[in-house]
Amino acid sequence: MSESSLLGAASPSPGGLAGVAARLAAALAAERERWVLWLPVAVGLGIAAYFTLPVEPPWWPAVGVLVVIAVALVAAPSRSALRLLTVGVAAVACGFVAAQVRTLVVEAPVLEKRIGPLTVEGRIVEVETLGRGRRILLDDLDIAGLVAEDRPRRARIRVADEPSLAPGNRIRIRAVLAPPPAPALPGAFDFQRQSYFRGLGAVGFAMGRPQVVAADAEGSVGLALAALRQRIGGRIAAGLEGASGAMARALMTGERGAIPEDVLAAMRDSGLAHLLAISGLHIGLVAGILFVGLRAALALVPPVALRYPIKKWAAAAALPGAAAYALISGATVPTQRAFLMLGLVLLAVLLDRRGLSIRTVAWAALAILLVQPESLLGASFQLSFAAVVALIAVYEKIAERRHRDDRRPHGWPWRILLYVGGVALSSLIAGAATTPFALYHFNRLAAFGVAANLAAVPLTALWIMPWAVVAFALMPFGLEALALAPMGWGVEGIIIVAREVAAWPGAVTLLPAMPTAGLLAVAIGGLWLALWRGRWRYWGVVGVVVGLASGAWVSPPDVLVDGSGRLMAVRDADGALAVSSRRLSRFDAEIWLRRGGQEETPDLWPAAGVAGDGTLACDALGCIYRAAGHVIALVRDEGALAEDCRLADVVVASVPVRRPCPSAAVVIDRFDLWRNGAHALWVATDGIRVESVNAVRGDRPWVARPRTQSRRRPGNEQGRP
């Protein structure tokens with residue numbers, strides 16, 4: 001039976017279910033060489049299953065499952081459906097165990113609550129230059145008032161601009177510290193989870209100038225790399241000033257903190273933000289420049305070119321060069337993926353094998369997932385692999401057709417047209433593949449990304465990155481300014497393109513957040529399209545369409561309150577969200593509006609009186625919100641509790657509620673916010689649904705929950721509120 005007949009498998013057939021099963025088995029057998037591509041997918045499913053659990057599981061069930069699977073693999077006949085199924089289950093179990101082991105390995109203390117000002121002493125691990133001031137990462141901490149078992153492994157502190165600070169310095173500073181912040185609302189980005197896996201247990205800001213205790217503390221390779229990165233960044237800043245210098249620093253060292261906010265916004269809105277993330281484009285260009293440059297130089301020496309494998313020599317030299325660039329730029333997840341793939345490609349050149357293929361991507365994904373399982377949940381991993389999988393899948397198909405019909409014209413005009421068309425097609429493919437993930441994480445849709453990339457990508461590839469490589473080569477001689485100047489011209493061109501495209505009407509659209517189930521449907525559907533070759537792969541379109549459509553069935557919350565109770569928001573009759581303050585908790589307010597697909601907040605929240613649409617009435621003690629036949633009291637002062645407890649169906653108070661509210665079905669007071677974080681309420685005629693940040697996240701190691709008591713260093717009461 002032909003594989004193409006599978007498209008009709010959903011319709012009735014003489015064989016019934018048995019016939020459908022036979023078609024599926026035949027199609028699966030026909031793509032046996034593609035089975036291995038689903039191995040990282042199965043591992044990813046196991047990782048996702050671990051992170052979705054509401055409580056931390058014991059270790060023994062997963063290990064027991066692996067033992068049973070090992071026995072089943074030995075007992076199952078080779079090349080049987082049972083063996084294939086067992087391998088798949090084993091991969092899922094491996095992903096689950098890898099995530100669980102990683103969680104145990106990185107476990108470290110996290111601050112319970114805000115403390116300080118107090119004295120903090122530690123060793124500088126990283127120094128990040130910001131638009132105003134710097135942000136330093138400290139380890140080997142000694143915090144006044146905390147015993148050793150309560151001290152975080154690392155702390156990140158914002159300080160004034162101190163150019164003398166460098167990785168390896170041991171400093172003493174007065175600072176205010178707090179736990180990494182929880183999500184701004186249920187389902188939002190979880191910075192606490194990210195911080196847990198980075199060993200970051202406290203964040204804060206300095207109250208004075210740091211004092212260097214030891215200029216060169218005992219370090220490691222990581223500290224040496226951080227110090228080298230800072231020195232390179234300083235040389236770039238000295239050679240290029242302003243926004244172009246900050247952009248050049250981002251492209252060469254991966255540090256983006258100094259880029260002006262308006263330039264970052266223009267890069268995002270024009271669809272060029274990917275140029276600032278060191279990924280396959282940058283690693284590939286650096287390796288390609290080194291490979292082509294060295295090979296061309298060796299080709300100019302005929303005795304060498306004719307007698308020795310100069311192609312392999314060039315590949316052998318490009319690999320450490322790309323590795324050095326990856327390490328200097330910070331080795332983020334996209335960088336790791338790009339370098340792993342590039343390493344396999346260059347290794348294939350050395351072994352006279354084919355390098356770039358979808359299998360290369362699969363092995364790179366598998367390596368990252370097993371070593372850093374938490375990366376699966378991050379935007380960097382998802383965007384990076386979505387783009388590269390889609391690009392390779394499409395170009396594999398194009399390569400097959402070109403192989404069958406190689407009658408194409410040659411010459412420079414055709415090559416230029418082919419390059420421009422390739423950039424446009426690549427931008428379109430990568431943009432389409434990453435859009436669902438960008439919507440899920442950032443709620444932004446850049447409409448003119450293809451147009452911007454048509455101008456910016458060739459400029460980056462043909463001008464900016466070659467000069468960056470030359471600047472790296474000239475730095476040991478102090479001559480990097482000769483290359484940084486022309487590089488800066490190209491960077492200025494990128495900024496001009498970004499600002500121009502971002503200013504076009506309709507350049508960016510904010511959309512409400514997609515549900516996690518919708519993103520999963522898009523991911524599975526997209527992988528089904530990309531990893532199979534037969535016509536049955538087109539069934540993946542169903543998953544993509546269902547996932548994209550899922551946002552239409554998501555109802556945004558009607559009432560929001562942050563974890564401190566200082567900031568609240570309600571939804572008006574037109575569906576717009578209005579916040580209680582434009583000054584307090586501005587970061588949380590921006591996230592609330594963005595996840596609702598809203599750019600600005602309407603002027604709805606009155607200091608006193610009744611809002612224009614009648615849904616909200618306020619006085620000095622609080623507000624009353626009416627929606628769907630329900631009354632919700634938003635209390636700011638204890639004096640309002642006596643009356644509001646009699647009138648409201650729900651009481652949300654930024655103060656403790658110490659008296660019973662018999663008329664209120666739900667009471668959320670200051671202690672509830674303190675324990676469970678931000679709350680969201682959905683108001684409907686048939687009832688009110690309440691979710692809190694910590695209830696959604698569950699009881700997991702990275703969920704910071706306040707304790708009633710904490711251990712203190714004997715005889716030291718400094719710095720506790």
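As a basis for the values below, the full set of heavy atoms in this structure was taken, side chains included, without hydrogen atoms, waters or symmetry mates. Throughout, numbering of the chain's residues begins at 1 and tracks the sequence.
Remark: side-chain polar atoms of Gln336 are paired, donor with acceptor, to backbone N or O of Ala331 under 3.5 angstrom. Checking side-chain atoms of Asp190 against main-chain N and O of Arg193 turns up a donor-acceptor pair under 3.5 Å. Using modelled atom types, no side-chain atom of Glu255 and backbone atom of Gly233 make a donor-acceptor pair closer than 3.5 Å. Arg151 places no side-chain N or O within donor-acceptor distance of the main-chain N or O of Asp140, the cut-off being under 3.5 Å. Checking side-chain atoms of Asp672 against main-chain N and O of Asp669 turns up a donor-acceptor pair under 3.5 Å. Panel note: side chain Gln230, backbone Leu165; a donor-acceptor pair is recorded below 3.5 Å. Remark: side-chain polar atoms of Ser329 are paired, donor with acceptor, to backbone N or O of Ala326 under 3.5 angstrom. The backbone N or O of Asp588 lies less than 3.5 Å from no partner atom in the side chain of Ser585, so there is not a single donor-acceptor pair. A donor-acceptor pair under 3.5 Å is formed between the side chain of Gln100 and the backbone N or O of Pro57. At least one donor-acceptor pair closer than 3.5 Å links the side chain of Arg229 to the backbone N or O of Ile328.
A 4.5 Å side-chain heavy-atom check between Arg174 and Thr119 finds at least one atom pair inside the cut-off.
Taking the six-membered ring where the residue is Trp, the centroids of Phe587 and Trp592 are separated by 6.0 Å or more.
We find the CD1-CZ distance between Ile157 and Arg135 to be 12.0 Å, quoted to the nearest 0.5 Å. Between the CD atom in Gln211 and the CD1 atom in Ile173 there is a gap of 10.5 Å [rounded to 0.5 Å]. The CZ atom of Arg595 sits 14.5 Å away from atom CD of Glu590, with the distance rounded to the nearest 0.5 Å. For the atom pair OG1 (Thr516) and CG (Leu520), the distance works out to 9.0 Å, reported to the nearest 0.5 Å. Atom CG in Leu137 sits 10.0 Å away from atom CD1 in Ile124 (nearest 0.5 Å). The CG atom of Leu223 sits 10.0 Å away from the CG atom of Asn169 when rounded to the nearest 0.5 Å.
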Worked verdict on Leu53 versus Arg700 for side-chain contact (heavy atoms from CB on, under 4.5 Å): CA-CA 8 Å; Leu53 292 177; Arg700 306 307 298 273; 3.7 Å; yes

Walk me through whether Leu138 and Ile171 qualify under side-chain contact (heavy atoms from CB on, under 4.5 Å). CA-CA 9 Å; Leu138 301 176; Ile171 65 167; 4.0 Å; yes

Listed pairs under 3.5 Å, donor-acceptor, residues 197-209 side chains, sequence neighbours left out:
unit_1 : atom_1 : unit_2 : atom_2 : d
Arg209 : NH1    : Glu162 : OE2    : 3.2
Arg209 : NH2    : Glu162 : OE1    : 3.2
Arg209 : NH2    : Glu162 : OE2    : 3.2

Report, one line per pair, each donor and acceptor closer than 3.5 Å where one atom sits in a side chain of residues 563-570; sequence neighbours left out.
unit_1 : atom_1 : unit_2 : atom_2 : d
Ser564 : OG     : Asp562 : OD1    : 3.3
Ser564 : OG     : Asp562 : OD2    : 3.1
Ser564 : OG     : Arg566 : N      : 3.3

Which donor-acceptor pairs under 3.5 Å do side chains of residues 363-378 form with protein atoms, sequence neighbours excluded?
unit_1 : atom_1 : unit_2 : atom_2 : d
Glu374 : OE1    : Arg102 : NE     : 3.1
Glu374 : OE2    : Arg102 : NE     : 3.4
Glu374 : OE2    : Arg102 : NH2    : 3.0
Ser375 : OG     : Gln372 : O      : 2.7

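In this pair, Phe671 and Trp674 present their aromatic rings perpendicular. The plane angle is above 60°, beyond the 30 to 60° band.
For the pair Arg134 and Glu128, the salt-bridge criterion is not met [side-chain N within less than 4.0 Å of a carboxylate O].
Looking at Tyr196 and Thr103, their side chains never bring a donor and an acceptor atom within 3.5 Å of each other. Inspection of the Asn443 and Arg594 side chains reveals an N or O donor paired with an N or O acceptor under 3.5 Å. No hydrogens or angles considered: nothing links the side chains of Thr335 and Tyr325 as a donor-acceptor pair under 3.5 Å. The closest side-chain donor-acceptor pair between Arg670 and Ser654, if any, does not fall under 3.5 angstrom.
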